[in-house]
Amino acid sequence: MPYPIYMEKMEKNKEKIKKAILVLEDGTRYEADYFGAPVSSSGEVVFNTAMTGYPESITDPSYKGQILTYTYPIIGNYGIPSFSYTKEFISEFYESDRIQVSGLIISYYSNRPYHWNMNQSLSNWLYENEIPGLYGVDTRFIAKKLRKNGGSMLGKILMRNEDLPFYDPNQDNLSEKVSIHEKIMYGNGKYKILLVDFGLKNNILRCLLRRDCSIIRVPWDYNFIKDEYDGLILSNGPGNPKIYEKPIHYLRLALKKKQPIFGICLGNQLLGIAAGGETYKLKYAHRSHNQPVISLETGKSFITSQNHGYVLDTRNLSGEWKIFFRNLNDNTCEGIIHNNKPFFSVQFHPEASSGPQDTEFLFDIFIDLIKKSKYNT
Ligand SMILES: NC(=O)CC[C@H](N)C(=O)O
């Protein structure tokens, strides 16, 4: 066993640490030790190069159906935070109320976690939620392999002599699994935001509540066309954007109206499709805290937090739209903006969490657009 491990529950049960196997769709088999729960799991293996923020990423619904590999070598060192809620009943430190990843693959599991706000260890949290983790893995080797295959591969974590079929989450409607089923209202601010939840990250709610908004959060397939609102936000979310035909149809209708629209990540892809564009899978997916983008409006560049495997092909975008941001690494589209209506969207995460907060000002731009359209100023 290459690394020590901190597995309270396992130790209590005097269960011996056993080996598990990572199997990739190209036939690669990789033996490693496990932490968290001793259960087998199948999904799309992706990797993230961020150095911090594992509690936020693990609870980000955009990771639904995915097995997350960290290239940063030490994970678990600050445990996981307390389960506290704001007065609006939004989790203070998590991006949703549950673990969303199907498994974790890491190099070194830190066996002495410490943080003033720590509630329990990462291993314990995974154990309680029946999610497996593998440690002692050369995650940079895995990342290189995944990169060669467009940033992801189907894979499975297998315990004992079990087996599972491969599972491709991109064939599924994942928003159905992670979105809400009933409307939820938050705050009583001046600006009425209709927020379509495709699997939203809580920090979108927190950012809006700090900006005098009242939020009507609705399920992914909610028909918002007849509703009254000051601004429409399309959240981030998991899976293949092309699956979400119903909301794309509603969006085409919303584009005929004049209320401001702001799309984030999956929201950007859906808005882009509604505006005539296409989406395709990136050659190298963007999952990190240090993705550089440039605004084609101002010429300013920003470091952004990202988590996406698909991207917009803007070639067939209707002439009313232009590219708002571009990625400075691979030149892909990082956002679009309408020429004369208050509609824009970004592929990165202006709400960050985790990651750099440099682009949170986009929420202010959105509120300014609302002020203009609401008060005609
Ligand atoms: N974070 C997101 O909204 C991700 C969008 C989409 N599921 C993708 O991977 O490209």
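Counting starts at 1 for both ligands and their atoms, following the listed order. By convention here, the first residue in the shown sequence is residue 1. For the numbers below, each heavy atom of this structure counts, side chains included, while hydrogens, waters and symmetry mates do not.
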Please state which option from Gly263, Ser62, Gly237, Gly309 has its nearest heavy atom closest to atom 5 (C) of ligand 1.
Gly237
[atom]: which protein heavy atom is closest, and how many Å away?
{"atom": "atom 7 (N) of ligand 1", "answer": "Gly239 O, 2.7 Å"}
{"atom": "atom 10 (O) of ligand 1", "answer": "Tyr310 N, 2.8 Å"}
{"atom": "atom 2 (C) of ligand 1", "answer": "Cys265 SG, 2.9 Å"}

Out of all atoms in ligand 1, which are within 4.0 Å of some heavy atom of Leu266? Include the element for each.
2 (C), 3 (O), 5 (C)
With a cut-off of 4.0 Å, which atoms of ligand 1 are near a heavy atom of His349?
1 (N)
I'd like to know if Gln269 contacts ligand 1, where contact means a heavy-atom distance under 4.0 Å to any ligand atom.
yes
Proximity to ligand 1 by part of Ser235, non-hydrogen separation under 4.0 Å
neither
Donor-acceptor pair, side chain of Lys201 and main chain of Asn236, under 3.5 angstrom
no
Hey, is the main chain of Ile216 close enough, under 3.5 Å, to the side chain of Lys183 for a donor-acceptor pair?
no
We want to know whether Lys281 and Ser152 form a side-chain donor-acceptor pair, criterion being a heavy-atom distance below 3.5 angstrom.
yes
Taking the six-membered ring for Trp, are Phe224 and Tyr250 parallel (under 30°), tilted (30 to 60°) or perpendicular (over 60°)?
perpendicular
Is it the case that ligand 1 has an N or O less than 3.5 angstrom from some N or O of Asn307?
yes
If you take the centroid of each ring, where Trp contributes its six-membered ring, are Phe348 and Phe325 closer together than 6.0 Å?
yes
Assert yes or no for the condition that the ring centre distance of Tyr78 to Tyr54 is strictly below 6.0 Å.
yes
Report yes or no: is the cationic atom of Lys374 (NZ for Lys, CZ for Arg) closer than 6.0 Å to the six-membered ring centre of Tyr191, at no more than 45° off its axis?
no
